[in-house]
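To find a chain, count down the sequence lines: A is the first, B the second, and so on, and within it residues start at 1. Note that the structure is a prediction, hence the values are computed from the model and not measured.
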Protein chains: 2
Amino acid sequence: MDLTTVELDRTLRERGYRATVPRRAVWQALVEAQGHVTVEELAELLVDDVDQASIYRALALFEELGLARMSRLGDSDASRWEPAHPDEHFHLVCTDCGRIDHHVGSLVADISQHLDRDHGFEVQRVELVVDGRCQRCRG
Amino acid sequence: MDLTTVELDRTLRERGYRATVPRRAVWQALVEAQGHVTVEELAELLVDDVDQASIYRALALFEELGLARMSRLGDSDASRWEPAHPDEHFHLVCTDCGRIDHHVGSLVADISQHLDRDHGFEVQRVELVVDGRCQRCRG
DNA sequence: TTGGGTGCAAACTCTTTGCAGCGTT
DNA sequence: AACGCTGCAAAGAGTTTGCACCCAA
């Protein structure tokens, strides 16, 4: 489901942006990272160097285009990025091992529907983060 | 339900911390602010000046004592603080007017129970933030 | 060819820390 | 009297911005 570089190029051009080498590289690294990476981690993953400022700019653009998504997870100050998923999900962050999982389900959709229908709140984004200890770390 | 200054003093001493003028002032401002304030806003609310570093230290201590809670809400980079609520709730952030509301319900408790029972995940903290447009702003 | 995008460096915001002296216990 | 806490200033992390040059369209 992740966009290929070709599809990224097309999406960029459709919206009037240029398909550049740094943008392709950032996208490729983001996809290969399997989500939840910081900008710093992304910079290390990149084969050809891309300036951090350009990484920030690329990610902000991807977010605007609906291709990527940012979260503040765990105790780190840095933002974490992942390709935008089509499926509703939320994040489980283990405070012991630092592992971050997706929990897929209808919960996020249920919340949106409930708020919209019963409270007149037009949901644009749901961010659900659960901190705790995963099964593995509980022993 | 918010702790008075007297109760704050008692809680601090019980846990081996000193009841000081700056800590009382920060607590009072936090309670009066009705939640969701940044450190900067808190500093403005304070009658007697308290150094920002001391505000940060006081809030971190309150969090450790279970008296306060931090969230990253809205598009601001700054952390927002509120007195710890006894009731389960989550935050509704209006992207138009910036208003932040609590949505009280059993949802957060339901999530905890489900994850613990069905997935072996020991929940320590649930952070649910919903961005969107409130009824008032939808017109 | 042209103007959007990039790299570089500097600036900026939020937060933390080192330290000397003050104030609670 | 002892030492935990504070204010001050400086440092630190993450992110943004200004600008000259470059390259995609």
Side-chain angles (χ1 to χ4, degrees), chain A residues 5-6 8-30 36-65 67-81, chain B residues 5-6 8-30 36-65 67-81:
Chain A
T5 302
V6 176
L8 172 72
D9 284 11
R10 187 172 46 72
T11 306
L12 286 168
R13 293 204 189 91
E14 271 174 5
R15 303 278 295 264
Y17 297 100
R18 292 187 180 171
T20 66
V21 173
R23 283 177 181 160
R24 284 192 204 106
V26 171
W27 178 254
Q28 193 188 333
L30 184 65
H36 305 128
V37 274
T38 61
V39 168
E40 195 184 359
E41 289 163 354
L42 215 43
E44 284 167 19
L45 287 172
L46 286 164
V47 207
D48 326 284
D49 280 3
V50 176
D51 191 83
Q52 295 233 34
S54 300
I55 300 180
Y56 279 106
R57 286 184 278 227
L59 290 170
L61 178 59
F62 296 164
E63 184 167 53
E64 183 194 322
L65 298 175
L67 302 177
R69 194 185 144 108
M70 192 208 76
S71 307
R72 297 239 161 117
L73 303 171
D75 43 11
S76 137
D77 289 338
S79 303
R80 293 184 170 275
W81 293 85
Chain B
T5 303
V6 176
L8 172 72
D9 284 12
R10 188 172 47 72
T11 305
L12 286 169
R13 293 205 188 91
E14 271 173 6
R15 302 279 295 263
Y17 297 100
R18 293 185 179 171
T20 65
V21 173
R23 284 179 180 158
R24 285 192 203 106
V26 171
W27 178 254
Q28 193 188 335
L30 184 64
H36 305 126
V37 274
T38 61
V39 167
E40 196 184 357
E41 290 164 354
L42 216 43
E44 284 168 16
L45 286 173
L46 286 163
V47 206
D48 326 285
D49 279 2
V50 176
D51 190 83
Q52 295 232 42
S54 301
I55 299 180
Y56 278 105
R57 286 185 278 228
L59 290 171
L61 178 60
F62 296 164
E63 184 168 53
E64 183 195 321
L65 297 175
L67 302 178
R69 194 184 146 111
M70 191 207 77
S71 306
R72 297 242 163 122
L73 303 170
D75 42 12
S76 140
D77 289 337
S79 302
R80 293 185 171 274
W81 293 84

Please determine if a side-chain N or O atom of A:Tyr56 lies less than 4.0 Å away from the OP1 or OP2 oxygen of D:dT16. no

For A:Arg18 and A:Ala58, find the nucleotide of DNA chain C closest to each by heavy atoms; which residue's nucleotide sits nearer the 5' end? A:Arg18

Nearest of D:dA25, C:dC8, D:dC8 to any side-chain atom of B:Ala53? D:dC8

As a test of reading the structure: which of D:dG14, C:dC8, D:dC3 is closest to the side chain of A:Asp51, going by heavy atoms? C:dC8

Looking only at D:dT6, D:dA25, C:dT16, the nucleotide nearest the B:Pro22 side chain is D:dT6

Around atom CD of A:Glu40, are there more than 12 heavy atoms of other residues, nucleotides or ligands at under 6.0 Å? no

Would you compute the distance between atom CG of B:Leu30 and atom CZ of B:Arg69 and round it to the nearest 0.5 angstrom? 13.5 Å

May I ask you to verify whether the side chain of B:Arg57 and the base of D:dG7 hold a donor-acceptor pair under 3.5 Å? yes

Between D:dT15 (C1') and A:Leu42 (CG): distance, integer Å: 15 Å

From the options C:dC14, C:dT25, C:dT15, select the nucleotide whose nearest atom is closest to the side chain of B:Ala19. C:dT25

From the options C:dC14, D:dG7, D:dA25, select the nucleotide whose nearest atom is closest to the side chain of B:Ala78. C:dC14

B:Asp9 CG to D:dC5 P, straight-line distance once rounded to whole Å: 13 Å

Any chance you could measure A:Arg18, atom CZ, to A:Arg23, atom CZ, to the nearest 0.5 Å? 9.0 Å

If you measure from OG1 on A:Thr38 to CD1 on A:Ile55, what distance do you get to the nearest 0.5 Å? 9.5 Å

When we call it a touch if two heavy atoms are under 4.0 Å apart, what does A:Arg13 touch: a base, just sugar-phosphate, or nothing? sugar-phosphate

Whole angstrom value for the distance that separates P of C:dG5 from OH of A:Tyr17: 7 Å

Which listed nucleotide (C:dT6, D:dT6, D:dA2) is nearest to the side chain of A:Ser54? C:dT6

Specify the separation, in whole Å, of atom CD of A:Glu63 and atom C1' of D:dT15. 14 Å

Between CD of B:Gln52 and P of D:dC5 the distance, given in whole Å, is 20 Å

Can you see if the side chain of B:Ser79 gets near the phosphate of C:dC14 - specifically, an N or O under 4.0 Å from OP1 or OP2? no

CH2/B:Trp27 to OG1/B:Thr11 distance, rounded to the nearest 0.5 angstrom? 8.5 Å

Do the side-chain N or O atoms of B:Thr38 get closer than 4.0 angstrom to the phosphate oxygens (OP1, OP2) of C:dC14? no

Could you check whether the side chain of B:Arg72 and the base of C:dC14 have a donor-acceptor pair of N or O atoms closer than 3.5 Å, going by distance alone? no

Length of the line joining B:Asp49:CG and D:dG7:P, which is rounded to integer Å: 9 Å

Which one, C:dC14, D:dA24, C:dT24, comes nearest to the side chain of B:Val21? C:dT24

note: A:Asp77, atom CG; C:dT16, atom P; distance rounded to Å ~ 7 Å

Residue met sooner reading DNA chain D from 5', once B:Arg23 and A:Trp81 are mapped to nucleotides: B:Arg23

B:Ser54 side, atom OG; B:Asp49 side, atom CG - distance, nearest 0.5 Å: 11.0 Å

The residue, B:Val39 or A:Val50, whose nearest nucleotide of DNA chain C is more 5′ is A:Val50

Whole angstrom value for the distance that separates C1' of D:dA25 from CZ of A:Arg15: 19 Å

